[in-house]
Amino acid sequence: MRALRLLGALAGARARRRFEAGMPRYLTYIVSFTCNARCVMCDSWKKPSPDELTLAEIERIFRQLPALDFVRLSGGEPFARPVLLEIAHLAQDHLRPLRLHVTTNGILTDRIARFCEQRRTRVPLQLLISLDGMEAKHNQVRGRDTAWAAATATLKALAPRRRELRLELAVNQTIVDAEGAADYRRLNAFLRPLGIRHHVVLAYDLSATYSLKAEMDAAPKAIGDFATFGDFRNGQIAALWDEVERDVATWPWPERLAKRYYIRGIRDRVLLGRGSPNPPCVALNAHLRILPNGDVPTCQFNTRKVGNLRQQSFREVWFGAAIGAQRDWVRKCPGCWAECEVLPNAFYTGDLWQHLPADTRSA
């Protein structure tokens, strides 16, 4: 079975990499909170980001980390940092990831294109560009009248060059309300001629990472909790996920497996009020998060800091006294359903493979 053979090949690639038990395998590095959009569902653009790690500090930190499977550079808007290319080179040189991932609003077309052209292509780049509906809706969500024009210009500039640039290009639509859900089909039709995969996530009501509070616990209080950011008409979420699942059925098996896992969790939490699947969380274990100033928070929904990599060595933070209490908190957490937390959890605990659909097994 092709899917299982490919799973085995990926497992083999990871097994050949020497790593220490209990060390991180997946990095989410928020390079800046600065953002050139004004999104309705995110306060990142309101957050100060004056004390970002310098390139020298980033290199010193990366030298202390083990080889990683995935490095995700995020923001804010990551391309708001003029040195993002140098950060990516440092990640490739010292962390040796199997994949490099960047999420962007796509507004800085020229800078994004130069990054894709000048980066070292030995590591595949996954570039995820945000489009939250068609033109009027996307501009309203992003708080800029030119957001759609800029993001679609970026897509059209890069789509024909994917093979040349060793680029995996996709769109992420954050569904914030009923209007965004109603735009799904039209946006899907717009992307299809470009051959660009259309990912969908449902906006949750609150993220500690992008809160204006220095430290905050916004995690679910019970298994299955998921509060949406906006309002939806009766049956609209169920109808949307039915349509998304039909489209996902044509995707290559790895993306299909991951997206169906996410969709199943949304269905269970939002529509049925229960919590399955609910993988053990790998925050502060396989998944390391670093904030722009070097702080290491617990996770996206709990920004209690366990140390600062500008002021301390990685091993002082990772094996220190402060991290123990937060790892206990992680073990007791009933479980969130943000895709950027859930998929590392599912992958590194093996829960993803426990929910392998029948049509994926034979892909």
Side-chain angles (χ1 to χ4, degrees), residues 14 17-33 52-53 55 57-76 78 81 84 87-88 90-103 123 126 207-210 215-217 219 279-331 333 335-336 338-350 352:
R14 294 183 62 245
R17 315 185 93 199
R18 301 171 65 183
F19 63 92
E20 185 178 341
M23 296 291 269
R25 310 300 306 151
Y26 186 111
L27 171 64
T28 297
Y29 173 27
I30 296 177
V31 300
S32 177
F33 283 124
E52 296 162 353
L53 295 170
L55 286 175
E57 289 173 323
I58 293 167
E59 181 170 23
R60 180 179 58 77
I61 291 167
F62 284 1
R63 284 182 180 275
Q64 300 174 57
L65 299 180
L68 299 174
D69 297 325
F70 301 97
V71 171
R72 179 172 174 254
L73 303 178
S74 186
R81 282 206 74 171
L84 186 67
I87 294 173
L90 290 174
Q92 290 188 210
D93 290 345
H94 300 295
L95 305 179
R96 293 175 285 130
L98 301 175
R99 286 288 189 279
L100 182 68
H101 178 102
V102 182
T103 301
V123 175
Q126 298 173 327
S207 166
T209 298
Y210 301 110
E215 289 192 347
M216 180 181 185
D217 177 357
C281 185
V282 298
L284 298 181
N285 289 281
H287 191 178
L288 165 66
R289 283 181 174 269
I290 303 176
L291 298 185
N293 68 347
D295 280 339
V296 176
T298 302
C299 67
Q300 179 164 334
F301 293 98
N302 186 337
T303 46
R304 179 73 180 268
K305 313 301 187 299
V306 300
N308 181 285
L309 295 176
R310 166 183 273 151
Q311 301 163 359
Q312 303 163 269
S313 73
F314 168 71
R315 285 188 171 268
E316 285 174 331
V317 173
W318 205 247
F319 299 105
I323 204 169
Q326 290 310 108
R327 284 183 174 140
D328 286 340
W329 180 91
V330 169
R331 282 190 286 269
C333 180
C336 69
E339 192 175 46
C340 58
E341 294 285 357
V342 165
L343 292 184
N345 296 345
F347 182 82
Y348 287 105
T349 63
L352 189 62

Quick check for you: to the nearest 0.5 Å, what is the distance between [X] atom [atom1] and [Y] atom [atom2]?
{"X": "N293", "Y": "L53", "atom1": "CG", "atom2": "CG", "answer": "7.0 Å"}
{"X": "D217", "Y": "C299", "atom1": "CG", "atom2": "SG", "answer": "8.0 Å"}
{"X": "C281", "Y": "W329", "atom1": "SG", "atom2": "CH2", "answer": "7.5 Å"}
{"X": "R60", "Y": "L90", "atom1": "CZ", "atom2": "CG", "answer": "13.0 Å"}
{"X": "M23", "Y": "L65", "atom1": "CE", "atom2": "CG", "answer": "7.5 Å"}
{"X": "E341", "Y": "S207", "atom1": "CD", "atom2": "OG", "answer": "9.0 Å"}

Minimum heavy-atom separation for [X] to [Y], with atom names?
{"X": "V31", "Y": "P78", "value": "CG2-CA, 3.7 Å"}
{"X": "P297", "Y": "D295", "value": "CD-O, 3.5 Å"}
{"X": "P97", "Y": "A91", "value": "CD-O, 3.5 Å"}
{"X": "I30", "Y": "Y210", "value": "CD1-OH, 4.1 Å"}
{"X": "R81", "Y": "S32", "value": "CG-CB, 3.7 Å"}

Would you say the side chain of [Y] lies within less than 4.5 Å of the side chain of [X], judging by non-hydrogen atoms?
{"X": "T103", "Y": "R72", "result": "yes"}
{"X": "Q300", "Y": "C340", "result": "yes"}
{"X": "F62", "Y": "D93", "result": "no"}
{"X": "H101", "Y": "F70", "result": "no"}
{"X": "I61", "Y": "F314", "result": "no"}
{"X": "V282", "Y": "Y26", "result": "no"}
{"X": "L291", "Y": "N308", "result": "no"}
{"X": "E52", "Y": "E57", "result": "no"}

**Report entry** Pairs involving residues 318-327, ordered by first then second residue, that meet salt bridge (charged side-chain N to carboxylate O under 4.0 Å, His left out) (sequence neighbours left out)
**Finding:**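 Those involving residues 318-327 do not exist here.
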
Query raised in the report: So V71 and Y29, side chain to side chain contact (heavy atoms under 4.5 Å, CB included) or not? Walk me through it.
Result: CA-CA 8 Å; V71 171; Y29 173 27; 5.7 Å; no

Requested in this report: Applying side-chain contact (heavy atoms from CB on, under 4.5 Å), name anything that partners R304, two or more places apart in sequence or on another chain.
Outcome: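 With neighbours one apart ignored, the set is E215, T298, N302, Q326.
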
Requested in this report: Would you tell me whether D69 and Y348 have side-chain atoms, one donor and one acceptor, within less than 3.5 Å of each other?
Outcome: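 Note: D69 and Y348 side chains meet the donor-acceptor criterion.
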
